> 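Before I ask anything, here is the structure I am working with.
Naming: A, B, ... by sequence-line order, numbering from 1 per chain. Source: prediction; values computed, not measured.
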Amino acid sequence: MAKIRGSDHIEKEIVMAEQHTFDSSDERRREEEAEAAGPQYEEKNVHEVYEAIAEHFSRTRYKPWPIVERFLLSQPPGSIGLDIGCGNGKYLSVVGRQQGVFIIGSDRSPSLTTIASTSHQEHDAIVADTLSLPHPAASFDFAICIAVIHHFSTRERRVAAVGEVLGVLLRKPGGTEGELERGAGRALIYVWALEQKNSRRGWDEGGEQDVMVPWVLTTPKPAQSRKEKKKPRQQHGNRGVEDKSMEMTNEDVDATVVDASSQIVNPPDASADTEKPKEAEKNTPQTYLRYYHLYRQGELEEDVVTAGGKVVESGYEKDNWWAIIEPGV
Amino acid sequence: MKLLTLNFLTCAIKTCKSTPASFPLHPRDAELEIAETDLNLAFLKSILARLLWPELRTICSEFGLPTLPESRPEPADLVDPDSSEGEEESPSQTARDLHRVLLETCMREGKLVCGNCGHEYAVKEGVANFLLPAHLV
């Protein structure tokens, strides 16, 4: 290992070059496939990826975003809500019976749903598709849909997803017989922004809105097809992955693009500066690419209105556009 | 999966959702388990109004559970009348029964069947799967 010490800059170039290859080939593939086959495209470029990275992804998802937390804490006692695309269920721990709130989480990934369901027992989680939610219409006081809708690969499908979220919310004046008088249900939606000037990813206004975002994962299993490609990095221990992680990660947001694979091998804090060749040989990093549609300013609001909803409040927070919405009149 | 959740689940197929026959879903080959949890009286009182009572009764009877009262209890019915004044309210038997049914009784294995189209959704290890085959989306 000694011979490659101090050559991080070279390694960085290798990483960047690989990155570039992934981006361009995948972009071509995406363009060819996306319009013709939304569901199949998403199956391959979103669902299969989350299923594969579920466990690692889940370990990096534990800190709730402040606006989401505030939205959940503002729900009055007796509120029943949905967390659509709940992932590992990190928002299911924000409110519970103490606040008089019950949430049903749903996610497309069975592995993430199982994590959500077993670790947040005050609530419940089911496997469901956001475009085919198994809930009676107009039944919920609130919903959150965080970092989900940007994974749909056509505008039509993104608008349909917003429509599905609007459809489960209670309508004004709300409630069936015997219920308290309530206003319309409200949903909070978060999507990744195109305008990420201050992030290391360098996306900004006018740029490509449909992108592939890598997730680097080290698995304890012997690597399959990508092994040959990754060999240079493998010999460098975990360093290559660390570098890439620094490249891509905005530490302020947990919409982390790439995370250091070493967390799986070593305890998080011990891993960064130690090189363990033996472990590195066993653990070949795998790069998984997820499709994202990056929203430009105003686009989320346009989609909400097209879907028949009303924007109550909206804004930008740390690389994301968000909106609080309710069903239109 | 809690029975409270079942009170908010219907068929995932769009054409079914608008028909009354699709709600509630019907359990088949169900395996139930009891997962004990602390009773939170304030929580029970607050969600009482949000329960779809006739449907909840149907769900209970299909699972072969004790029958719930015909009409929805009032929040006051959940408080033990013998609770001494000034002290923290204690739950009535109705509250205990409701807590057991809604929050402690979980469907562990089995199927949920739509009364309109007959589609079956599997429940495995307490997680229901509502993903549809491509031809039904």
Side-chain angles (χ1 to χ4, degrees), chain A residues 37-40 43 47 75-82 96-118 121-129 131-141 160 164 167-168 170 175-182, chain B residues 1-14 16-18 20 22-25 35 37-55 71-72 74-75 99 102-104 106-107 112 114 119 121-132 134 136-137:
Chain A
Q40 289 88 334
E43 177 62 32
H47 311 318
Q75 302 304 323
S79 296
I80 310 281
L82 294 178
R97 286 179 206 160
Q98 203 59 42
Q99 291 78 23
V101 174
F102 180 72
I103 304 175
I104 302 171
S106 60
D107 201 277
R108 191 68 178 60
S109 159
S111 300
L112 286 171
T113 306
T114 301
I115 295 171
S117 151
T118 47
Q121 298 189 348
E122 285 209 358
H123 303 289
D124 236 330
I126 58 169
V127 179
D129 191 308
L131 291 182
S132 301
L133 291 173
H135 304 295
S139 301
F140 296 89
D141 301 287
E164 196 74 4
V168 296
L170 283 169
T176 53
E177 204 185 330
E179 282 192 54
L180 301 168
E181 187 72 14
R182 288 170 183 273
Chain B
M1 184 174 55
K2 297 166 188 53
L3 297 204
L4 175 57
T5 301
L6 266 182
N7 205 216
F8 294 95
L9 289 178
T10 183
C11 187
I13 297 169
K14 285 202 167 44
C16 287
K17 274 193 230 181
S18 49
S22 65
F23 181 76
L25 297 170
T37 163
D38 293 338
L39 187 152
N40 183 326
L41 188 54
F43 173 73
L44 279 180
K45 281 188 187 172
S46 68
I47 62 157
L48 203 49
R50 299 290 284 111
L51 300 173
L52 301 160
W53 194 259
E55 290 81 359
S71 57
R72 179 200 312 265
E74 293 298 317
H99 174 72
L102 291 175
L103 299 161
E104 294 189 322
C106 302
M107 185 169 171
L112 291 169
C114 172
H119 190 75
Y121 299 96
V123 178
K124 284 181 188 153
E125 293 178 23
V127 176
N129 188 326
F130 287 91
L131 298 183
L132 296 167
L136 290 177
V137 176

> How about A:Glu43: does its CD atom have over 12 heavy atoms from other parts shown lying under 6.0 Å from it?
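Atom CD in A:Glu43 is crowded, with more than 12 foreign heavy atoms closer than 6.0 Å.
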> Measure the CE-OG distance between B:Met1 and A:Ser117 for me, rounded to the nearest 0.5 Å.
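With rounding to 0.5 Å, CE (B:Met1) is 10.0 Å from OG (A:Ser117).
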> Quick one: what part of A:Val168 sits under 4.5 Å from any heavy atom of chain B, side chain, backbone, both or neither?
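It is neither, since no heavy atom gets under 4.5 Å.
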> Would you call B:Asp38 and A:Arg97 a salt bridge, using N to O less than 4.0 angstrom?
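Salt bridge flag = no for A:Arg97 with B:Asp38.
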> What's the separation between atom CZ in B:Arg50 and atom CG in A:Leu170, rounded to the nearest 0.5 Å?
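One finds 5.0 Å between CZ of B:Arg50 and CG of A:Leu170.
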> Do you know which of B:Leu132, B:Val123, B:Leu131, B:Val137 has the most heavy-atom pairs under 4.5 Å to chain A?
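Most pairs with chain A among the choices: B:Leu131.
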> Between B:Asn129, B:Thr5, B:Ile47, B:Leu4, which shows the greatest number of heavy-atom pairs under 4.5 Å with chain A?
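Going by pairs under 4.5 Å, I would pick B:Thr5.
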> What distance do A:His135 atom NE2 and B:Leu9 atom CG have between them, rounded to the nearest 0.5 Å?
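One finds 6.0 Å between NE2 of A:His135 and CG of B:Leu9.
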> CG of A:Asp124 to CZ of B:Phe8: how many Å apart, nearest 0.5 Å?
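CZ of B:Phe8 is found 12.0 Å from CG of A:Asp124.
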> Does A:Glu122 pair with B:Lys2 as a salt bridge, N-O distance under 4.0 Å?
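Not counted as a salt bridge, because no side-chain N and carboxylate O are separated by less than 4.0 Å.
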> For A:Ile104, is it the side chain, the backbone, both or neither that has a heavy atom under 4.5 Å from a heavy atom of chain B?
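For A:Ile104, side-chain heavy atoms alone lie under 4.5 Å from chain B.
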> Using the side chain to side chain contact (heavy atoms under 4.5 Å, CB included) rule, pick out the option among A:Val127, A:Asp129, A:Ile126, A:Leu133 that qualifies with B:Phe130.
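When A:Val127, A:Asp129, A:Ile126, A:Leu133 are each tested with B:Phe130, the side chain to side chain contact (heavy atoms under 4.5 Å, CB included) holds only for A:Ile126.
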> Let's test your reading of the structure: which of A:Ala116, A:Ala128, A:Gly100, A:Pro136 forms the most heavy-atom pairs below 4.5 Å with chain B?
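Most pairs with chain B among the choices: A:Pro136.
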> Measure the OG-CG distance between A:Ser132 and B:Leu136 for me, rounded to the nearest 0.5 Å.
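A:Ser132 atom OG to B:Leu136 atom CG measures 9.5 Å (nearest 0.5 Å).
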> With a 4.5 angstrom heavy-atom cut-off, could you sort out which part of A:Gln99 is near chain B: side chain, backbone, both or neither?
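Neither part, no heavy atoms under 4.5 Å.
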